[in-house]
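Let me begin by presenting the structure, written as structure tokens, before commenting on it.
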Number of protein chains: 2
Amino acid sequence: MEALRADMFDEICPSTLLPFRIGPDKWSALVIKCLEDGPRRFSELRVPLARVTPKVLTQSLRALERDGFIRRTEETTPVRRVTYELTDLGRGLLQQVYLLCDWSSEHWDELLDARES
Amino acid sequence: MEALRADMFDEICPSTLLPFRIGPDKWSALVIKCLEDGPRRFSELRVPLARVTPKVLTQSLRALERDGFIRRTEETTPVRRVTYELTDLGRGLLQQVYLLCDWSSEHWDELLDARES
DNA sequence: CCGTATCCTGACTGATACTG
DNA sequence: CAGTATCAGTCAGGATACGG
């Protein structure tokens with residue numbers, strides 16, 4: 001299970017092998033997962049999501065914010081610092097992602113078998 | 001909950017309000033749901049999925065078949081008859097769809113509230 | 001540091017018509 | 001009945017460069 005969660009970030013995985021998608025776009029599920037351990041800054045999110053361009057990452061963040069899954073906080077003093085964090089609703093959604101990942105990992109071999117033939 | 005499941009077929013709903021998507025394409029979740037009560041023929045699926053053109057419906061069915069979620073059975077005698085039915089894997093996926101729908105319905109008002117502001 | 005602005009491309013979707 | 005063929009449109013996603 002933990003292995004699968006990590007594998008979500010593999011090159012082939014998002015929206016190709018996982019049989020589901022959270023949010024309207026391709027990366028929302030991963031963005032939500034990146035916030036599981038607490039608030040993160042934009043530049044911190046870019047590390048695990050290195051394959052996502054800033055434009056697309058911004059789009060995902062805006063969409064998730066609009067839907068109430070994450071909260072954006074901006075402070076300008078002493079330096080510019082923008083943090084994103086899950087709302088209660090977002091944490092609930094994250095749990096659903098976990099459940100889906102658990103189910104997927106239990107049936108991973110069946111999924112791969114079906115793909116091959 | 002039952003209301004939400006019905007609402008999945010509403011004009012505005014698929015991939016616009018539901019915060020998830022099953023399968024690579026827009027209609028897979030609904031196709032799977034249409035097979036919940038047993039095998040269905042192509043023309044039977046077209047009734048609840050009236051807004052899906054045959055081409056797109058075929059694409060969804062092929063993708064779901066390739067991934068092992070549904071099974072396609074063709075018989076030519078006495079008449080041409082093609083039926084689609086969920087595999088065990090597909091039934092499992094349907095359960096996951098139900099869980100997501102249940103969660104969504106519990107937080108429906110929060111989702112709508114966030115959308116408005 | 002935290003994004004925007006352009007431009008571009010391919011994937012997905014759809015309408016319509018047609019066939020074994 | 002169960003699709004396919006063809007054409008067209010839209011839109012999310014990505015590359016690259018730039019701005020407050």
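Everything numeric in this text was worked out from a predicted model, so none of it was measured. Each chain gets a letter, A, B and so on, in the order the sequences are listed, and its residues count up from 1.
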Working to the nearest 0.5 angstrom, can you tell me the gap between [X] [atom1] and [Y] [atom2]?
{"X": "A/Arg62", "Y": "A/Arg66", "atom1": "CZ", "atom2": "CZ", "result": "12.0 Å"}
{"X": "B/Asp102", "Y": "B/Ser105", "atom1": "CG", "atom2": "OG", "result": "5.5 Å"}
{"X": "B/Gln96", "Y": "B/Ile22", "atom1": "CD", "atom2": "CD1", "result": "8.0 Å"}
{"X": "B/Leu89", "Y": "B/Arg71", "atom1": "CG", "atom2": "CZ", "result": "10.5 Å"}
{"X": "B/Ile70", "Y": "B/Leu61", "atom1": "CD1", "atom2": "CG", "result": "4.5 Å"}
{"X": "A/Lys33", "Y": "A/Cys101", "atom1": "NZ", "atom2": "SG", "result": "8.0 Å"}

Using only atom types and a distance under 3.5 Å, with no angle test, would you say the side chain of [X] pairs donor to acceptor with the backbone of [Y]?
{"X": "A/Asp25", "Y": "A/Ser28", "result": "yes"}
{"X": "A/Glu44", "Y": "A/Arg41", "result": "yes"}
{"X": "B/Asp67", "Y": "B/Phe69", "result": "no"}

List, with names and distances, any nitrogen or oxygen atoms from the protein found under 3.5 Å away from nitrogen or oxygen atoms belonging to nucleotides 18-20 of chain D.
| residue | atom | partner | partner atom | Å |
| --- | --- | --- | --- | --- |
| D/dG20 | N2 | A/Arg80 | NH1 | 3.4 |

Roughly how many Å is it from [atom1] in [X] to [atom2] in [N], rounded to a whole number?
{"X": "A/Arg46", "N": "C/dC1", "atom1": "CZ", "atom2": "C1'", "value": "11 Å"}
{"X": "A/Glu44", "N": "C/dC2", "atom1": "CD", "atom2": "C1'", "value": "13 Å"}
{"X": "B/Arg40", "N": "D/dA2", "atom1": "CZ", "atom2": "P", "value": "13 Å"}
{"X": "A/Glu75", "N": "C/dC2", "atom1": "CD", "atom2": "P", "value": "10 Å"}
{"X": "A/Glu74", "N": "C/dG3", "atom1": "CD", "atom2": "P", "value": "7 Å"}
{"X": "B/Leu45", "N": "D/dG3", "atom1": "CG", "atom2": "C1'", "value": "13 Å"}
{"X": "B/Arg51", "N": "C/dA15", "atom1": "CZ", "atom2": "P", "value": "11 Å"}

Any side-chain heavy atom of A/Thr83 within less than 4.5 Å of one from A/Phe42? no

Answer yes or no: is there a side-chain heavy-atom contact under 4.5 Å between B/Arg80 and B/Val82? yes

Five pairs per end, C1' atoms only: what is the angle between the end axes of the helix from C/dC1-D/dG20 to C/dG20-D/dC1, to 10 degrees? 60°

From C/dC2, D/dG3, D/dG14, pick the nucleotide closest to the side chain of A/Trp27? D/dG14

Look at the side chain of B/Tyr84 and decide which nucleotide, out of D/dG3, C/dC2, D/dA15, has an atom nearest to it. D/dG3

Is there a side-chain polar atom (N or O) of A/Arg41 under 4.0 Å from OP1 or OP2 of C/dC2? yes

C/dC2, OP1 or OP2 - any side-chain N/O from A/Ser43 closer than 4.0 Å? yes

Between the protein and nucleotides 4-12 of chain C, list the N/O to N/O atom pairs that are separated by less than 3.5 angstrom.
| residue | atom | partner | partner atom | Å |
| --- | --- | --- | --- | --- |
| C/dT4 | OP1 | A/Arg62 | NH2 | 3.0 |

B/Val52 or A/Arg72, whichever maps to the more 5' nucleotide of DNA chain C: A/Arg72

Go through B/Glu85 and B/Arg72 one step at a time and tell me if the side chain to side chain contact (heavy atoms under 4.5 Å, CB included) criterion holds. CA-CA 7 Å; B/Glu85 60 187 327; B/Arg72 180 181 182 277; over 6 Å; no

